[in-house]
There are 4 protein chains.
Amino acid sequence: MQSRSPASRTGRPRSPAADAAILAATREALVDLGWSKLTLGDVATRAGVAKTTLYRRWAGKNELVVDAVAELFDELELPDRGSLAADIEGVVLQFASILALPEARSGLMAVVAEATRDEALRERIRASVVDRQKRLVLEGRSRAQARGELPPEPDPASSARTVDLIFDMVAGAVVHRTLVSAEPADEEWVHRFTGVLLRGLAGEAAHPADG
Amino acid sequence: MQSRSPASRTGRPRSPAADAAILAATREALVDLGWSKLTLGDVATRAGVAKTTLYRRWAGKNELVVDAVAELFDELELPDRGSLAADIEGVVLQFASILALPEARSGLMAVVAEATRDEALRERIRASVVDRQKRLVLEGRSRAQARGELPPEPDPASSARTVDLIFDMVAGAVVHRTLVSAEPADEEWVHRFTGVLLRGLAGEAAHPADG
Amino acid sequence: MQSRSPASRTGRPRSPAADAAILAATREALVDLGWSKLTLGDVATRAGVAKTTLYRRWAGKNELVVDAVAELFDELELPDRGSLAADIEGVVLQFASILALPEARSGLMAVVAEATRDEALRERIRASVVDRQKRLVLEGRSRAQARGELPPEPDPASSARTVDLIFDMVAGAVVHRTLVSAEPADEEWVHRFTGVLLRGLAGEAAHPADG
Amino acid sequence: MQSRSPASRTGRPRSPAADAAILAATREALVDLGWSKLTLGDVATRAGVAKTTLYRRWAGKNELVVDAVAELFDELELPDRGSLAADIEGVVLQFASILALPEARSGLMAVVAEATRDEALRERIRASVVDRQKRLVLEGRSRAQARGELPPEPDPASSARTVDLIFDMVAGAVVHRTLVSAEPADEEWVHRFTGVLLRGLAGEAAHPADG
DNA sequence: CAGTAAACGAGACGGTACGTCAAGTCTTACA
DNA sequence: TGTAAGACTTGACGTACCGTCTCGTTTACTG
């Protein structure tokens, strides 16, 4: 989340506890206040830390919230439920349950909005949140290939494009359902969505770029 | 966007030009500054209007930006390209081209983020932006039914659920592709995406709730 | 103390009560806290005014304190005690009694210190505090001339130099006695000092520039 | 300037060079920045010393600056120019030349201002700066008595009062001339001032407490 | 000549105040 | 009554120093 030159060996070392306290306080403040009313002074107070300590480690509200929210996604993992469809449903449900948390709802869309005008922030989100979860798609696919549910990938470039498409469709649909439509992404919805997605992708393998 | 009691007949009437000027100034400011640096004082100045005038018509930044962005979506229409797939590709491309506008990118996600903690704002977005475009899905479907590409809807409740699912998938995927992945939703991508979606939905008709 | 273009006729006018409240609060804070612990935020709070209102009218702590202290000196006046020596003793005692006020002690030397590196501030002090009181020296001299205690001034240039010298000696001695030596400039001291000064000046008239 | 218990005999001794470096850096910073912008962190950096080292030796900015400025006055000495008037002119000119140094101007008045609310600081200034120079007055008087220019002192108490008065008048006038009037205390001015002072004091001897 | 205790540099730490900025309200004169 | 102008209160901003602390390192005296 931040790094100093490894050469700096001198001086008082940064308190490692402060990082964790600040990120936890940030999530707590997101729940209580939401993004727009969250102030760094308040986060510092909640964390029992001076404002300067916070600014020494994060450049601003955006970066702080990205890191605080990103930690929520680290617990995602691909369950082994025996079939591709069931595996995917499981991970989509996990994703939906994270997006149901108020600390994620409030913060995530806001930093995405900020990222539309801030390339570095966009990169940080991609690195901390998005790319970190792409492993799930890859893992799910290779597991399905091992089961014989999917054929091996022929072309790496087209494979990457497919992963990206899947990710945009899954993440986009769940986010839109949860935040814009404000309806729960519950088991029934996830089941329907996964069905449409997998059937569509199955066809995609047959008609990779036709009309 | 605002209403006065019909009884107020006395006094100086509100300038109708001011509304348009303010909304245009808002979009201009969104382009120049983005959501977070946009200030109502600046919008008022750009519109050649006093801050008081602006506050008399909108409750705050959120409401103002929703209205300013909503106008952008009014130009969406369903082209008649001869087939369901082609029609959908056309409207998705239009949607993507709106999301490519900086005034939409900056503002839309931000108000969605705000809406996670503001029921009234969420309703305003749904009314001004989302529901207004659901007509496209309905129109596309009935046109396809007229062409014989789709069977008539049997059950209105399941029909509504399907429309919602389609909308979440289309809007979500385009938004995610555009704003998070920060890749253009160009013809090639839209073609692939539409293919997956329609094939998936075609199967959905056959297995409406299978396991 | 501050002036706006006379053309600004529009907009809400500045509250005239705020000026007085701020200056009084400044003196109060000088008494309670002294110069170095006085903060503009605290002054604003005491005055029942927002910090921005204060900054709209004064550029900073220095300018504010000069104005607050200058008002203290406006009450100085030359008593008519019947003789030059008695008149001067009277005014020196008044001056000493002002310097005995904690709000003057704390603030005056501090702004003089600041003024060593700020030409504009030095000018403001001279205009607000020093020059405003030179009238006392001039008035005392003309009154003494009317009484026949002093001869009429021959040369205006040398006259101005003499006034400056008197002022430096009177103000300097009282300030040093009060603030550095930290002894009271009481009647006995003022009497001795005035005696030395007047006898010295009487001689000066006879030997205006001897070697 | 600081003292440690004589019992501390063990451990690394304080660097004697650091004291000198810090005081010199303080004067340098006074010249460059003036009192109010001088920071102890900056002084430490200029002295090539850590902030902790500085705080181990001085309690704060006030004490540090008093010591740094006091050193400037140590070079004052009474020249033997053959007459009381000439001797005094000489020493007043020296005093004026010190007050003309920016490091003295900036710092001296500021610490005097601080001293109005800090008894210990006032005592430190008196010990380091004022009393140290009173020797000049005493020395000048005894030399003049040796020359027969002044009668021997009859009463020690009245003598001390006279020394104090002289000191307040000399130091006060030069300081006011230099810092408030912001005019140079040059030879011509010093000559006029000294003339007034000595003639006044000569009379004082004749009328020690009359009107 | 090893042990020890203090001084030292570096820099993080909890604070306080800074001066600025925007939000949203209020007060004026004018239309 | 609506409007433009701009003063008003409020509260957060991000920065700068304060004076303290905690490190790892250096340097004299001492046993």
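All chains are named by letter (A, B, ...) in the order of the sequence lines, taking the proteins before the strands, and each is independently numbered beginning at 1.
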- [ ] Report the nucleotide, chosen from dA5(F), dG15(E), dT22(F), that has the shortest atom-to-atom distance to any side-chain atom of A50(B).
- [x] dA5(F)
Task: Residue V49(A), side-chain atoms from C-beta onward, closest of dA7(E), dT22(F), dG14(E) - done: dG14(E)
TODO: Find the distance L33(A):CG to dG11(F):P and express it as a whole number of Å.
DONE: 14 Å
- [ ] Under 4.0 Å between any heavy atoms, over every strand shown, what does S15(A) touch: base, sugar-phosphate, or nothing? Just pick one.
- [x] sugar-phosphate
Task: T45(C) side-chain N/O to G41(C) backbone N/O, donor-acceptor pair under 3.5 Å - done: yes
Task: Length of the line joining R14(D):CZ and dA5(E):P, which is rounded to integer Å - done: 18 Å
Open item on the list: Quick check: on DNA chain F, is the nucleotide nearest Y55(D) upstream (toward 5') of the one nearest G48(B), or the reverse? Name the residue that is more 5'.
Closed with: G48(B)
- [ ] By nearest nucleotide on DNA chain F, pick out whichever of P16(C) and G60(A) is the more 5' one.
- [x] P16(C)
Task: Residue L40(B), side-chain heavy atoms: nucleotide from dC13(E), dC8(E), dA23(E) that is nearest - done: dA23(E)
Open item on the list: If I take atom CG in residue D42(D) and atom C1' in nucleotide dC18(F), what distance separates them, rounded to the nearest angstrom?
Closed with: 14 Å
Task: Distance in angstrom units between L64(B) CG and dG24(E) C1', rounded - done: 14 Å
Task: Given dT15(F), dT9(F), dC18(F), the nucleotide with the shortest approach to the side chain of T53(C) - done: dT9(F)
Open item on the list: Of the options dC26(E), dG19(E), dT26(F), whose atoms approach the side-chain atoms of R12(D) most closely?
Closed with: dT26(F)
- [ ] Nearest whole angstrom, please: distance from the P of dC18(F) to the NZ of K61(D).
- [x] 6 Å
Task: Check against salt bridge (Lys or Arg N to Asp or Glu O under 4.0 Å), D32(D) and K37(D) - done: CA-CA 9 Å; D32(D) 291 355; K37(D) 309 219 154 150; over 6 Å; no
Task: Per T39(A) side chain, nearest of listed nucleotides dC13(E), dA12(F), dA7(E) - done: dA12(F)
TODO: Provide the closest heavy-atom pair for K61(C) versus S36(C) in the form atom of the first, atom of the second, distance.
DONE: NZ-O, 3.8 Å
TODO: Map L38(C) and L38(B) onto DNA chain E by nearest heavy atom, then report which one ends up closer to the 5' terminus.
DONE: L38(C)
Open item on the list: Taking E114(D) first and then R122(D), would you say they form a salt bridge - that is, a charged N and a carboxylate O separated by under 4.0 Å?
Closed with: no
Open item on the list: From CZ of R56(D) over to P of dT22(F), roughly how many Å is that when rounded to an integer?
Closed with: 14 Å
TODO: Identify which nucleotide among dC8(F), dA5(F), dG24(E) has an atom closest to any side-chain atom of K51(B), counting heavy atoms from C-beta outward.
DONE: dG24(E)
Open item on the list: Output the rounded distance in Å from NZ (K37(D)) to P (dC18(F)).
Closed with: 14 Å
Open item on the list: If I take atom CZ in residue R46(D) and atom P in nucleotide dG9(E), what distance separates them, rounded to the nearest angstrom?
Closed with: 17 Å
TODO: Spell out, as yes or no, whether a donor-acceptor pair under 3.5 Å connects the side chain of R117(B) to the backbone of V31(A).
DONE: yes
